[in-house]
There are 2 protein chains.
Amino acid sequence: MSKLAAQPLYRQVLREVMVAIEAGEWDEDESLPSETDLGKRFGVSQGTVRKALDVLVTDGVLYRRQGVGTFVAGTSDFLLRGQFLSLAGRDGVKPSVDLLGCVRIHAGEQLAEILGLRRGAALWQVRRLLRVEGQVIGLEEMLLPEANFPSLEIRRIRELKGNLRELCWRDFGVRLKDGEVRYRAVLAGQTEARLLMMDVNEPLLQLVRLARDFDGKPQVWSVAWLRTEQLAFEPPAQFGAQAG
Amino acid sequence: MSKLAAQPLYRQVLREVMVAIEAGEWDEDESLPSETDLGKRFGVSQGTVRKALDVLVTDGVLYRRQGVGTFVAGTSDFLLRGQFLSLAGRDGVKPSVDLLGCVRIHAGEQLAEILGLRRGAALWQVRRLLRVEGQVIGLEEMLLPEANFPSLEIRRIRELKGNLRELCWRDFGVRLKDGEVRYRAVLAGQTEARLLMMDVNEPLLQLVRLARDFDGKPQVWSVAWLRTEQLAFEPPAQFGAQAG
DNA sequence: CACAAGTCTTATATAAGACAAAAGATATAC
DNA sequence: GTATATCTTTTGTCTTATATAAGACTTGTG
């Protein structure tokens, strides 16, 4: 391991592992080499590798199974992380996704500023429909700078089953890190009502998120509108060892 | 440290530290003994203590400052964790709280089941109003079993500035752990509209949470209704070492 | 005396190595 | 053939040693 950096060893290991993942060295749900082997490779102890992997596990990049191995976590999709729960019940469901379309638009002033672009910059707008048991339950819209994702094709999105997150780093080398989500309650407008097959002025749960890459650069702006008459939305459980 | 338990050492330490905190051995923002000293006390090494504290830090029970010490985190209040952001802006504000009242009601069937009580069991209903810059922005309602919190007095709640969380473990020894929050969009009804000084059928962001104690027993059911015309709600950032 | 630079003490933070526990795979007994 | 033991590989736990950070204290200097 290079000595030049003034960073702790485990941070350097963390970085290297992250790079390897980004390079596609191990596929999704494929096991990494054992902590011991990674230790040999980087010239550090198993414990140090472990500490690095700990961070990636709590970040959701990896998951572990004792006695078996450490695996690359599926690059689960944007706002879809999280589940829907019936108002009384305890068991949640994940929605299925239908790609609606992918068109080229231009950034408004606000959006341009948020994404760090000049006004009027070209953007891809991708829209998807969320369903639970056939019922349309949500609409999701993502905006990506064309500069960073030059040849975004709907065909390719379909190939990856609409998983934009996966696509971003497979085809463009951009590994996205989730940002904070903001919640609002809004009334359905014309567009939403039409796509979600509901009446206007019905309440919708709106989620907004800015996803950045691991260098902190803004990459994807996404907004979702969810119908919550029958189901409530629950964001993904955050990790960290369970207390008790 | 007692050897009887078939749990890892650091879990036992974790438990003991938690008990000590619950017993009020160290006040809010007061530093714990050093990791080394705690190690002596429990008969384990500094590293083991550290691992236990790690969990409590990511759980938000403690916080650390290198070279200084480890401190008991303030028992910040329920749904108030989280902040409000103006729709464009990036800097959030925390709302101020006004206690509306505390009355004794009886559990309906559903609520009784959720809280693990018999139907019709007595509950305390506490209501609070949230304000940002004077503007009423939210209503919060909490329901606590009278059995576990026998003498809940509005005077006492006021004393602790409406911080129910603090009150729960100061006066009743119940340390609450946050549960997952569920989100919905609803329309304002008569009651909400009146208390929030708005029209009926305006959209409201509804947050529902079941808070349990550290033994997993359900303790407090809370619901909040938030106006999000001007501001969006952002839940608290979850911890875990920052990647890099 | 005032003030800044060094250094001492006490914290947390990191690293390595030894060992334990869990999960599969494989061999063995019956 | 099937159940049970044992072997191997992997993650998980724990200790010891050392590094780094932050204040307090000391000391030199105008």
Side-chain angles (χ1 to χ4, degrees), chain A residues 1-17 21 26 29-73 239-244, chain B residues 1-17 21 26 29-73 239-244:
Chain A
M1 178 121 284
S2 64
K3 289 290 179 197
L4 57 101
Q7 271 203 325
L9 271 181
Y10 83 94
R11 285 251 157 233
Q12 299 176 45
V13 172
L14 170 52
R15 186 101 227 170
E16 300 259 11
V17 171
I21 293 173
W26 313 291
D29 291 318
E30 185 185 335
S31 85
L32 273 59
S34 72
E35 294 175 354
T36 314
D37 287 351
L38 282 174
K40 277 179 202 150
R41 167 164 161 185
F42 297 127
V44 301
S45 74
Q46 176 251 338
T48 302
V49 172
R50 183 171 185 76
K51 180 151 188 175
L53 298 191
D54 278 347
V55 176
L56 292 174
V57 167
T58 64
D59 268 9
V61 177
L62 301 174
Y63 64 94
R64 284 199 267 233
R65 286 174 53 203
Q66 177 168 2
V68 181
T70 305
F71 306 84
V72 179
F239 313 85
Q242 63 280 21
Chain B
M1 176 121 284
S2 63
K3 289 289 178 198
L4 55 102
Q7 271 202 325
L9 272 180
Y10 82 94
R11 285 249 158 236
Q12 299 176 46
V13 172
L14 169 53
R15 184 101 229 171
E16 301 261 10
V17 171
I21 294 173
W26 313 291
D29 291 317
E30 186 184 335
S31 85
L32 272 60
S34 74
E35 294 176 354
T36 313
D37 286 352
L38 282 174
K40 277 181 202 149
R41 166 162 159 185
F42 297 128
V44 301
S45 73
Q46 176 253 337
T48 302
V49 172
R50 184 171 182 77
K51 181 151 187 175
L53 299 192
D54 278 346
V55 176
L56 292 175
V57 167
T58 64
D59 268 10
V61 176
L62 301 174
Y63 64 94
R64 281 198 268 233
R65 286 174 54 202
Q66 179 169 1
V68 181
T70 305
F71 306 83
V72 179
F239 314 83
Q242 62 281 24

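Just so it is clear: chains get the letters A, B, ... in the order the sequence lines come, proteins before strands, and each one is counted from 1.
Under the side-chain contact (heavy atoms from CB on, under 4.5 Å) criterion, Ser31(B) pairs with Phe71(B), not counting sequence neighbours. With sequence neighbours excluded, the residues satisfying side chain to side chain donor-acceptor pair (under 3.5 Å) with Thr48(B) are Ser45(B). The salt bridge (Lys or Arg N to Asp or Glu O under 4.0 Å) search around Arg50(B) returns Glu35(B), not counting sequence neighbours.
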Does Val17(A) form a side-chain contact (heavy atoms from CB on, under 4.5 Å) with Leu32(A)? I'd like the steps, not just the answer. CA-CA 9 Å; Val17(A) 171; Leu32(A) 273 59; 4.3 Å; yes

Steps toward side-chain contact (heavy atoms from CB on, under 4.5 Å) verdict (Val44(A), Gln12(A)): CA-CA 11 Å; Val44(A) 301; Gln12(A) 299 176 45; over 6 Å; no

Taking N or O atoms only and anything under 3.5 Å, show me the protein contacts with nucleotides 10-14 of chain D, one pair per line.
from: dT11(D); atom 1: OP1; to: Thr70(A); atom 2: N; distance (Å): 3.2
from: dT11(D); atom 1: OP1; to: Thr70(A); atom 2: OG1; distance (Å): 3.1
from: dT11(D); atom 1: OP2; to: Glu35(A); atom 2: N; distance (Å): 2.9
from: dT11(D); atom 1: O4'; to: Gly67(A); atom 2: N; distance (Å): 3.4
from: dG12(D); atom 1: OP2; to: Arg50(A); atom 2: NH1; distance (Å): 2.8
from: dG12(D); atom 1: OP2; to: Arg50(A); atom 2: NH2; distance (Å): 2.5
from: dG12(D); atom 1: OP2; to: Arg64(A); atom 2: NE; distance (Å): 2.8
from: dG12(D); atom 1: O5'; to: Arg50(A); atom 2: NH2; distance (Å): 3.2
from: dT13(D); atom 1: OP1; to: Tyr10(B); atom 2: OH; distance (Å): 3.3
from: dT13(D); atom 1: OP2; to: Lys51(B); atom 2: NZ; distance (Å): 3.0
from: dC14(D); atom 1: OP1; to: Leu9(B); atom 2: N; distance (Å): 2.3
from: dC14(D); atom 1: OP2; to: Leu9(B); atom 2: N; distance (Å): 3.3
from: dC14(D); atom 1: OP2; to: Tyr10(B); atom 2: N; distance (Å): 2.9

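Nearest heavy atom pair, residue Leu14(A) against residue Ala52(A), reads N-CB, 3.7 Å. For the residue pair Val72(B) and Tyr63(B), the shortest heavy atom distance occurs at O-CE2, 3.7 Å.
For DNA chain C, the outermost nucleotides in 5' to 3' order that have an atom under 4.0 Å from a heavy atom of chain B are dA11(C) to dT14(C).
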